Structure formats: C-alpha cells, structure tokens
Amino acid sequence: MLSEPMTLYKLMNLYMLRQVSFPLTNAQLTDFFLQHEYTSYFTLQQALKELQESGLVRTESTHNTTRYMITKEGEETLSFFGKNISPAIVEDMDHYLKENRLRMRNEVGVVSDYFKSTSQDYTVHCEVREGKSTLIDLSISVPDREQAEDMCAKWKDKSQTIYAYIMKTLMGSGEDSEN
C-alpha cells in the first residue's frame with residue numbers, strides 16, 4: 001500500500017481515466033471520491049492540478065466544465081505504479097464506472113461554449129461527440145452574452161432534436177425539406 005495518500009488519489013484518477021474511452025468531468029471524478037469518502041473536494045482538486053502540471057492528464061475547459069483525459073505519460077505511470085492501488089479500491093472504481101458509464105458518457109458527449117468574436121458579437125459553439133467522433137459541430141453568431149449563455153444552457157436538452165431535424169432536412173426525407 002502507498003504511504004502517501006496524495007499519490008494514491010493521483011493513481012486512482014489515472015485508473016478511472018484509463019478505464020473509459022471518453023473524458024471525465026471534474027464533477028464526475030469528484031462525485032466518485034466524495035460518494036465513497038476517499039478524500040475531500042480540495043484534496044482531490046490538488047491531486048488533479050498536480051496530475052495536469054506533470055503532464056499525466058490533459059484538460060479541456062469551457063465556461064462551466066473541465067474535462068480530463070489521461071495522456072500517454074499518465075498511462076505509462078499507471079502501468080508502473082497502478083498495482084499499488086488496493087484491490088478493494090479498484091473494485092469500488094470498477095463498480096462505480098460500470099453503474100454510471102452510460103450516464104457519464106452522455107454527459108461528456110454534449111458540449112457547448114461561447115466566446116466573444118472579433119465583430120463584438122458572440123459565437124456559440126455546440127457539439128455532440130460519440131467517443132472520438134464528432135456527430136455535429138455547430139457554431140452560431142448571436143448579438144449578446146445573455147443569448148449565448150441561454151443557448152449553451154439549452155443545448156444539452158435540445159441537441160438530439162436539432163441533430164435529428166438537420167439530418168432529416170438535409171437527407172430530404174422530411175415534409176419540411178425543400179427540393
């Protein structure tokens with residue numbers, strides 16, 4: 001067993017990130033650690049920060065979400081030191097991932113963000129990803145920040161409907177489609 005808890009928390013994060021084929025959000029990782037009472041929120045954030053600074057994980061951030069992915073260096077580190085995670089903890093992580101994998105994958109597959117463009121309006125960028133593939137990548141210009149925030153907030157609930165409408169319309173199979 002490891003003598004330093006922070007090292008264990010880092011290895012646990014690497015293990016969880018390696019076990020899935022999609023990034024995990026800060027909220028998803030936090031949920032596991034707090035639900036199982038492994039450590040505090042602040043200690044977990046410190047472990048994630050150190051993993052990122054050392055190049056073992058990389059992140060993608062939007063206005064409201066940080067997503068973590070294991071790097072090649074992180075995988076190599078885990079291959080050397082992963083055996084130091086106790087079987088009981090591995091069982092907890094595997095069980096959590098098995099029970100929550102579909103929900104977690106769906107949560108990280110729908111992404112939206114906005115930024116101020118050079119013409120002083122806002123560009124809303126929305127995506128739906130499945131694994132490493134992007135199913136839809138949509139950018140829309142809006143006049144103000146409030147509209148951008150509102151569109152980002154609604155994307156998660158409306159993305160499937162919008163994707164289906166676009167496919168139906170572009171494939172010409174819908175009643176609304178033109179010639």
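Values in this document were obtained by computation on a predicted structure and should not be read as measured data. Both backbone and side-chain heavy atoms feed into the values below; hydrogens, waters and symmetry mates do not.
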Inset, instruction - List the steps and the verdict of side-chain contact (heavy atoms from CB on, under 4.5 Å) for Asn13 and Val57. - result: CA-CA 9 Å; Asn13 277 292; Val57 299; over 6 Å; no
[X]: which residues meet the side-chain contact (heavy atoms from CB on, under 4.5 Å) condition with it, sequence neighbours left out?
| X | answer |
| --- | --- |
| His36 | Phe32, Tyr38, Asp92, Tyr96 |
| Ser119 | Ser117, Asp121 |
| Thr25 | Ala27, Gln28, Thr65, Arg67, Val108 |
| Asp144 | Glu146, Gln147 |

Heavy atoms, side chains only, cut-off 4.5 Å: are [X] and [Y] in contact?
| X | Y | result |
| --- | --- | --- |
| Ile140 | Val142 | yes |
| Met12 | Met93 | yes |
| Asp137 | His125 | yes |
| Pro23 | Tyr68 | no |
| Leu8 | Asn84 | no |
| Phe22 | Met69 | no |
| Ile166 | Ile136 | yes |
| Thr30 | Phe33 | no |

Inset, instruction - Return each pair, listed once, that meets salt bridge (charged side-chain N to carboxylate O under 4.0 Å, His left out) where at least one residue sits in residues 39-50; pairs must be two or more places apart or across chains. - result: Lys10-Glu50, Lys49-Glu53
Side-chain donor-acceptor contacts of residues 156-164 below 3.5 Å, not counting sequence neighbours, with atom names and distances?
{"residue": "Lys156", "atom": "NZ", "partner": "Glu107", "partner atom": "O", "Å": "3.3"}
{"residue": "Ser159", "atom": "OG", "partner": "Trp155", "partner atom": "O", "Å": "3.4"}

Among residues at least two apart in sequence or on other chains, which ones pass side chain to side chain donor-acceptor pair (under 3.5 Å) with [X]?
| X | value |
| --- | --- |
| Thr71 | Glu73 |
| Lys83 | none |
| Ser54 | none |
| Ser139 | none |

Inset, instruction - Indicate yes or no: does Asp150 engage Lys154 in a salt bridge with an N to O separation below 4.0 Å. - result: yes
Legend entry - Thr134-Glu127 side chain donor-acceptor pair, cut-off 3.5 Å: no
Inset, instruction - Using distance alone, with no hydrogens and no angle criterion, decide if Asn26 and Tyr41 have a side-chain donor and acceptor under 3.5 Å apart. - result: no
[atom1]/[X] to [atom2]/[Y] distance, rounded to the nearest 0.5 angstrom?
| X | Y | atom1 | atom2 | answer |
| --- | --- | --- | --- | --- |
| Glu60 | Thr66 | CD | OG1 | 10.0 Å |
| Leu24 | Leu29 | CG | CG | 5.0 Å |
| Met6 | Leu51 | CE | CG | 9.5 Å |
| Gln52 | Thr59 | CD | OG1 | 3.5 Å |
| Leu34 | Thr39 | CG | OG1 | 8.5 Å |
| Met16 | Leu78 | CE | CG | 12.5 Å |

Inset, instruction - Answer yes or no: does atom CZ of Arg18 have more than 12 heavy-atom neighbours from other residues, nucleotides or ligands under 6.0 Å? - result: yes
Heavy atoms only: give me the nearest [X]-[Y] pair and the separation to one decimal.
| X | Y | value |
| --- | --- | --- |
| Ile70 | Gly74 | CD1-C, 3.7 Å |
| Tyr122 | Ala148 | CB-CB, 4.0 Å |
| Cys152 | Tyr114 | SG-CD2, 3.8 Å |

Inset, instruction - Give a yes or no on whether the backbone of Cys126 and the side-chain of Ser112 come within a donor-acceptor separation of less than 3.5 Å. - result: no
Inset, instruction - Decide whether Met104 and Val111 are clustered together by the hydrophobic rule: side chain heavy atoms of Ile, Leu, Val, Met, Phe, Trp, Tyr closer than 4.5 Å, transitively. - result: no
Legend entry - Transitive ILVMFWY side-chain link Ile85 to Phe80, under 4.5 Å: yes
